[in-house]
Amino acid sequence: MTDNYGLYERIYRIVHLIPAGTVATYGQIAGIVGCCSPRQVGYALAVLPHGSDVPWQRVINARGEISLNPNGSGAFQREILEREGVRFNEGGQTDLNKFGWHGPLC
DNA sequence: AGATTGACTGCAT
DNA sequence: CATGCAGCCAATC
């Protein structure tokens with residue numbers, strides 16, 4: 001396999017490795033990809049077409065919360081995560097200590 | 001080619 | 001504990 005799948009596909013591949021009921025932060029993804037800053041991770045997901053097989057909803061900010069505005073698509077995202085088994089507290093945050101992804105090799 | 005923005009993060013105040 | 005600032009890399013204007 002070639003090392004160069006394109007920046008976005010690279011990120012998509014990492015996100016696709018996140019197991020259900022688990023969430024990862026943008027910085028975590030960026031660190032695993034080892035090729036870009038969290039901004040590019042967010043951008044890559046922002047350009048994701050609807051109907052993709054990438055569980056973009058499992059990628060959230062470092063605080064363990066939905067990054068998008070709660071009055072936007074974020075409400076839909078939280079619904080999906082709860083359906084995956086991820087629980088949110090009153091602040092709409094997840095427990096990264098429990099649901100936080102440790103990485104593809106761990 | 002230069003400036004601006006973006007689903008971010010971490011530290012300092 | 002809330003807010004501000006700087007760093008980061010790629011895409012778009």
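Here is the naming used below: chain letters follow the sequence lines, and residue numbers restart at 1 for every chain.
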*asked:* On DNA chain B, does the nearest nucleotide to A:I60 precede the nearest nucleotide to A:S37 from the 5' side, or the other way round? Give the residue.
replied: A:S37
*Between A:Q57 (CD) and B:dA7 (C1'), how many Å, whole number?*
13 Å
_Nucleotide range of DNA chain C lying under 4.0 Å from chain A heavy atoms_ = C:dG7 to C:dT12
*5'-most by nearest nucleotide on DNA chain C - A:Y8 or A:P38*: A:P38
_A:E65 CD - B:dT9 P separation (whole Å)_ = 11 Å
_Quick check for you: among B:dG6, B:dA7, B:dT9, whose closest atom lies nearest to any side-chain atom of A:Q40?_
B:dG6
*Give a yes or no on whether the backbone of A:A44 and the side-chain of A:Y12 come within a donor-acceptor separation of less than 3.5 Å.*
yes
*Between CD1 on residue A:I32 and CD on residue A:Q28, distance to nearest 0.5 Å*: 4.5 Å
Could you go through residues 93-100 of chain A and list every donor-acceptor pair under 3.5 Å that involves a side-chain atom there, pairing it with any protein atom two or more places apart or in another chain?
| from | atom 1 | to | atom 2 | distance (Å) |
| --- | --- | --- | --- | --- |
| A:Q93 | NE2 | A:R63 | O | 3.4 |
| A:T94 | OG1 | A:G64 | O | 3.0 |
| A:D95 | OD1 | A:N97 | N | 3.0 |

*Residue pairs passing the side-chain hydrogen bond (donor to acceptor under 3.5 Å, both in side chains) test where at least one lies in residues 74-86 of chain A, sequence neighbours excluded*: A:R58-A:E84, A:R78-A:E82
*asked:* A:L45 vs A:V59, test: side-chain contact (heavy atoms from CB on, under 4.5 Å). Steps then yes/no.
replied: CA-CA 9 Å; A:L45 297 180; A:V59 185; 3.6 Å; yes
*Drop me the distance from A:L68's CG to A:F76's CZ, to the nearest 0.5 angstrom.*
12.0 Å
*Base, sugar-phosphate alone, or nothing: which one does A:A46 contact when heavy atoms must sit under 4.0 Å apart?*
base
*asked:* Regarding A:Y43, tell me which of base, sugar-phosphate or nothing describes its non-hydrogen contacts under 4.0 Å with the strands shown.
replied: sugar-phosphate
*asked:* Just the rounded figure in Å: distance from C1' of B:dG10 to CZ of A:R63.
replied: 13 Å
